[in-house]
Amino acid sequence: MKKRCTACVAAMVGIALVLSSCGGTNAKTIKRMQQLEEGVSSPTTEAELKAAIQKYQTRVEDMVLANQQIGIWYKMLGSRYLDNQMYGEALEAFRMATTYYPANQNLYYYVAVCAGYMANQSLDYSATGSTAQKFNYLKLAESAYLEALKIDSKYARALYGIGVLYIFELDEPGKAIPYLETLAEVEKRNVDGMFLLANAYYQTFEFEKAMAVYDKIISTTTSDEKKAQAEANKRQVLEAAYAG
């Protein structure tokens with residue numbers, strides 16, 4: 001029975017798509033098909049109404065299951081495109097996945113990542129001197145990160161991503177600070193996040209805070225390279241502080 005219902009759902013979806021492509025789904029046609037398939041026409045008695053509810057409840061459950069699977073497939077497709085650096089296609093697949101899973105912060109994170117890649121690939125092919133397309137992709141990335149953080153305010157990857165976006169792409173380091181401070185609380189040993197936070201402090205002339213973060217990096221990291229980088233950056237902050 002379950003296999004039959006699932007097959008019927010797939011058939012209905014396919015038929016609906018065909019009807020849509022021909023200028024709009026005919027609701028009356030689909031309703032007649034459902035009635036024929038389920039053996040429900042115009043129930044009037046209590047028994048007929050209960051039977052109709054039960055039959056269509058099964059259909060609803062199958063449709064929910066089908067939509068859930070479609071959402072998963074869009075996510076898988078987006079991941080495959082992303083792995084192959086097909087960022088435009090990946091962006092569209094993840095966008096579609098959010099229509100099935102609108103409360104999934106991971107999907108919005110990947111939308112933001114893909115939008116960031118697309119921004120960096122946006123070229124002014126018309127030679128107009130306009131950077132509008134790049135800016136639009138960057139703002140899309142921002143809105144997607146913010147949506148992910150609206151769902152989960154402590155989502156580390158989105159906190160880091162929006163920090164990178166504000167500091168290096170949108171040139172708004174002040175906006176990055178609260179997100180990176182949250183990241184520092186959520187992941188206390190995230191050295192890359194600390195570097196971003198120190199950078200944001202430095203660019204907003206909060207030199208004491210920047211030096212404190214570099215000190216924390218030096219005492220936290222086990223990487224000689226990162227320790228040396230933090231020490232060099234701290235010296236640069238000191239010079240800027242004294243120069244001021």
Side-chain angles (χ1 to χ4, degrees), residues 17 20-21 66-187 190-204:
L17 289 173
S20 297
S21 66
N67 282 332
Q68 288 175 339
Q69 191 60 56
I70 291 171
I72 291 171
W73 287 336
Y74 270 121
K75 181 180 179 181
M76 293 171 62
L77 181 61
S79 298
R80 184 65 61 84
Y81 281 139
L82 187 58
D83 289 342
N84 286 281
Q85 300 181 348
M86 300 169 68
Y87 302 121
E89 290 82 355
L91 177 59
E92 178 60 18
F94 286 124
R95 184 192 70 79
M96 287 299 301
T98 65
T99 65
Y100 293 91
Y101 291 100
N104 186 314
Q105 66 270 29
N106 294 304
L107 295 176
Y108 292 106
Y109 168 78
Y110 283 118
V111 167
V113 169
C114 292
Y117 279 122
M118 291 300 294
N120 290 326
Q121 292 183 347
S122 296
L123 299 177
D124 182 18
Y125 287 106
S126 300
T128 62
S130 172
T131 58
Q133 186 180 47
K134 178 176 182 177
F135 182 74
N136 288 341
Y137 276 122
L138 292 176
K139 296 303 287 185
L140 172 58
E142 178 188 23
S143 65
Y145 281 131
L146 291 174
E147 189 64 31
L149 291 168
K150 187 187 299 182
I151 298 168
D152 181 359
S153 62
K154 296 183 178 181
Y155 183 26
R157 288 194 295 177
L159 290 168
Y160 183 88
I162 200 168
V164 171
L165 180 70
Y166 280 138
I167 294 171
F168 298 112
E169 299 292 349
L170 293 174
D171 194 24
E172 296 180 296
K175 286 187 176 182
I177 289 174
Y179 298 105
L180 295 172
E181 287 177 337
T182 300
L183 178 60
E185 295 173 3
V186 172
E187 295 189 347
N190 188 328
V191 172
D192 291 335
M194 292 183 209
F195 270 110
L196 281 180
L197 179 56
N199 186 309
Y201 282 144
Y202 172 67
Q203 291 196 52
T204 54

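Worth knowing before you read on, the calculation uses all heavy atoms, side chains too, and leaves out hydrogens, waters and symmetry mates.
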Cut-off 3.5 Å, no hydrogens considered: what does the side-chain donor-acceptor table look like for residues 112-123, sequence neighbours left out?
| residue | atom | partner | partner atom | Å |
| --- | --- | --- | --- | --- |
| Asn120 | ND2 | Gly116 | O | 3.3 |
| Ser122 | OG | Met118 | O | 2.7 |

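- Tyr110 and Phe94 have parallel rings, their planes meeting at less than 30° on a 0 to 90° scale where 60° marks the start of perpendicular.
- Considering only residues two or more places apart in sequence or on other chains, Lys154 meets the salt bridge (Lys or Arg N to Asp or Glu O under 4.0 Å) condition with none of them.
- Using a 4.5 Å heavy-atom threshold, the side chains of Leu146 and Glu142 count as touching.
- Under the side-chain hydrogen bond (donor to acceptor under 3.5 Å, both in side chains) criterion, Glu89 pairs with no residue at all, not counting sequence neighbours.
- Taking the side-chain hydrogen bond (donor to acceptor under 3.5 Å, both in side chains) definition, one finds that Tyr201 meets it with Glu181, sequence neighbours left out.
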Going through the distances and angles, do Leu197 and Leu183 end up as a side chain to side chain contact (heavy atoms under 4.5 Å, CB included)? CA-CA 9 Å; Leu197 179 56; Leu183 178 60; over 6 Å; no
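- Of the inter-residue distances, the one linking Tyr74 atom OH with Ile70 atom CD1 reads 7.5 Å to the nearest 0.5 angstrom.
- Shown here for Tyr179 and Leu159, the closest heavy-atom pair between the two residues is O-CD2, 3.6 Å.
- The CD atom of Gln133 sits 11.0 Å away from the CG atom of Leu138 when rounded to the nearest 0.5 Å.
- You'll find the side chain of Thr98 stays beyond 4.5 Å of the side chain of Asn104, heavy atoms only.
- Annotation: side chain of Asn84 is in contact with side chain of Arg80 (closest heavy-atom distance under 4.5 Å).
- In this structure a side-chain-to-backbone donor-acceptor pair under 3.5 Å is present from Thr182 to Pro178.
- Distance check: Leu165 CG to Leu170 CG gives 4.5 Å after rounding to the nearest 0.5 Å.
- Taking each heavy atom of Asn106 and Arg157 in turn, the nearest pair found is OD1-NH2, 3.2 Å.
- Considering all non-hydrogen atoms of both residues, Ile151 and Pro102 come closest at CD1-O, 4.0 Å.
- Across every non-hydrogen atom of Gly71 and Tyr100, the tightest pair is CA-CB, 3.7 Å.
- In summary, of the residues considered (Ile167, Asn199, Ile162), a side chain to side chain contact (heavy atoms under 4.5 Å, CB included) with Leu180 occurs for Ile167 alone.
- Evaluation of the side-chain hydrogen bond (donor to acceptor under 3.5 Å, both in side chains) rule for Glu172 yields Lys175 as partners, not counting sequence neighbours.
- Residues satisfying the ring-ring contact (aromatic ring centres under 6.0 Å, His included) test with Tyr81, not counting sequence neighbours, are none.
- Here CD of Glu185 is found 13.0 Å from CG of Asn190. Values are rounded to the nearest 0.5 Å.
- Looking at heavy atoms from C-beta onward, Tyr108 lies out of side-chain contact with Tyr145 at the 4.5 angstrom threshold.
- Here the straight-line distance linking atom OH of Tyr160 with atom CG of Leu196 works out to 4.5 Å at 0.5 Å rounding.
- Side-chain atoms of Tyr101 come within 3.5 Å of backbone atoms of Gln68 as a donor-acceptor pair (strictly under, hydrogens ignored).
- Checking side-chain atoms of Ser153 against main-chain N and O of Leu149 turns up no donor-acceptor pair under 3.5 Å.
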